[in-house]
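Here's the structure we're looking at; comments come further down.
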Amino acid sequence: NNTPQGVTEMLHIKGLGAKKVSSLWKELGISNLGELEYACMENRLVQLKGFGAKTQEAILKNLHFLKKQKGWYHFAQIENLALEFLDELRSRHPETHIEPCGAIVRKMEIVSKLEFVVSQDFPLSHYKNAGVENIPVEFYPADESHFGHVIFEKNCSDDFHTSFIKSYGRPDKIQKEADYFIQAGLDYIPAECRESEPLNKIIEATANLIEEKDLKGIIHNHSTWSDGAASVEEMALEAKKRGFEYLVMSDHSKSAFYASGLSEESAEAQWKEIDNLNKKLYPFKIYKGIESDILNDGSLDYSDEFIKGFDIVIASVHSNLRMNEEKATARLIRAIEHPATRILGHMTGRLLLTREGYPLDTKKIIDACAANHVVIELNAHPFRLDIDWRLIPKAIEKGVMISINPDAHATEGYDDMRYGINVARKGLLQKNNCLNTKNIQEFEKWLIK
């Protein structure tokens, strides 16, 4: 039997019989639960025969239920649960000191449990096997005079904790975590930044860390022209309403038939629509972008002549993902070297908790982006968060800019920008190293460079 294990697992989802699973696998190439979840969120199932919006919604709901049994969760899925549970604990035990800590406070991209530091009077025995919707909960009781010590320790990576104590000592009787930094004569270092980069680098970087309010434009978005759920105008009006100065539309290119990619005729028709909308929405501006598939040999979709018609090209791999390191690296480098490529989309193709992403020589990829002035995307979708934040310092060192992009397939997709910001800060990204902190005039200058 050559059926992938992931396809068989799809049969465990309530409402998905063999016929439907076969359609998903054969028509859309979906071979596991994570790919299915992502396809639902990108609105891919709606067009498939025998499916529809309601079926897609039901599949997604049942899939989330199934995934909750697995032991790891996307940050985005449990952040609110953690806050609600914290509120509940505090209202039940108003006299007790309770603070969240650990992976959720450090804004890790995936989380396996909720963690809280509690004062000694917390009734631990009541919560012996506590869990929130099957997510385990761990409590760390602490004496009030050392409450800050425990919080600090749980909110740092082991590397950060060790080097901080080595450099600044372990202060005595700390009630608040912030006192650690005050006694060391330092500004507060946010928990999401306390990772494994050298301590002096972290201290230096936190002075000018990127924040969500720094973002001026929203890049990498899809509309009903390909596989999005909203029109170009709806996407633009929402971006404008949120205070952005510009929007880059980048629907899928023609090879992405599974996502209704744009033929040359469709692209030209979309350009006309954008021209009309720009007159109407001025000074807000929509740019004519495309998310061009990187084909198997590393070339881009469309002819070299036609692709010049776009304002901006994001080059991404979507097909033939099973490659060895040599093949994957060569394929991406060829695309990076194409004169039209301005941004490399979701660099490794990973889907968190679903697939690893293709193996890459990331040093060679970053070097190629530096040599060709190509920006690397930080895809803010909480299932991707790709480029991995651990690689951001390496990119910055080489002078490569990062663009925090939502890959939005609906207006609410813009909400994902905050997850991108979370992990950008983990990677110590500065405002001036991020493409879409440029205002519209600066962005225009960058485009024509």
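Each residue takes its place number in the sequence, starting with 1. Just so we're clear, the structure is a prediction, and the values are computed from it rather than from any experiment.
- For His318 and His252, the ring centers are positioned less than 6.0 Å apart.
- Note: Phe383 and His74 have parallel aromatic rings, judged against thresholds of 30 and 60 degrees for the angle between ring planes.
- The aromatic ring centres of Phe85 and Phe116 sit less than 6.0 Å apart.
- Every residue was checked against the ring-ring contact (aromatic ring centres under 6.0 Å, His included) condition with His12, not counting sequence neighbours, and none meets it.
- Crowding of Glu204 atom CD: a count of heavy atoms from other residues, nucleotides or ligands under 6.0 Å not exceeding 12.
- Judged as a ring-ring contact (aromatic ring centres under 6.0 Å, His included), and not counting sequence neighbours, His338 has no contacts.
- When the side chain to side chain contact (heavy atoms under 4.5 Å, CB included) test is applied to Ala239, the partners found at least two apart in sequence or on another chain are Ile218, Phe244, Leu247, Phe284, Tyr414.
- Thr341 contributes a side-chain N or O that, together with a main-chain N or O of Ala335, makes up a donor-acceptor pair within less than 3.5 Å.
- Partners of Asp415 according to the salt bridge (charged side-chain N to carboxylate O under 4.0 Å, His left out) rule, which considers only residues two or more places apart in sequence or in another chain, are Arg242.
- Qualifying side chain to side chain contact (heavy atoms under 4.5 Å, CB included) partners for Arg90, counting only residues two or more places apart in sequence or in other chains: Leu86, Ile98, Glu99, Pro100.
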As a quick check of understanding, evaluate side chain to side chain donor-acceptor pair (under 3.5 Å) for Asp214 and Thr437, giving each step before the final call. CA-CA 5 Å; Asp214 296 327; Thr437 59; over 6 Å; no
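- Screening residues 185-200 for side-chain hydrogen bond (donor to acceptor under 3.5 Å, both in side chains) gives Arg106-Glu195, Asp159-Ser196, Glu177-Tyr188, Glu177-Arg194, Tyr188-Arg194, Glu192-Arg425, Glu195-Lys426, Glu197-Lys201 as the qualifying pairs, with residues at least two apart or on separate chains.
- Residues passing the salt bridge (charged side-chain N to carboxylate O under 4.0 Å, His left out) test with Glu234: none are found, sequence neighbours excluded.
- For the ring-ring contact (aromatic ring centres under 6.0 Å, His included) test, residues two or more places apart in sequence or in another chain that qualify with His409 are His222.
- Here the two rings, on His381 and Tyr419, have centers that are 6.0 Å apart or farther.
- Shown here are the side chain to side chain contact (heavy atoms under 4.5 Å, CB included) partners of Ala328, two or more places apart in sequence or in another chain: Met323, Tyr358, Leu360.
- For Tyr140, the ring-ring contact (aromatic ring centres under 6.0 Å, His included) test picks out no residue, with sequence neighbours left out.
- In this structure, Lys20 is positioned above the aromatic face of Phe51, its NZ or CZ under 6.0 Å from the six-membered ring centre and within 45° of the axis.
- With sequence neighbours excluded, the residues satisfying salt bridge (charged side-chain N to carboxylate O under 4.0 Å, His left out) with Glu211 are Lys213.
- Under the 3.5 Å distance criterion, the side-chain polar atoms of Ser253 are matched with a main-chain donor or acceptor of Asp293.
- Residues satisfying the side chain to side chain contact (heavy atoms under 4.5 Å, CB included) criterion with Leu199, sequence neighbours excluded, are Phe160, Ser163, Phe164, Ser167, Tyr168, Ile203.
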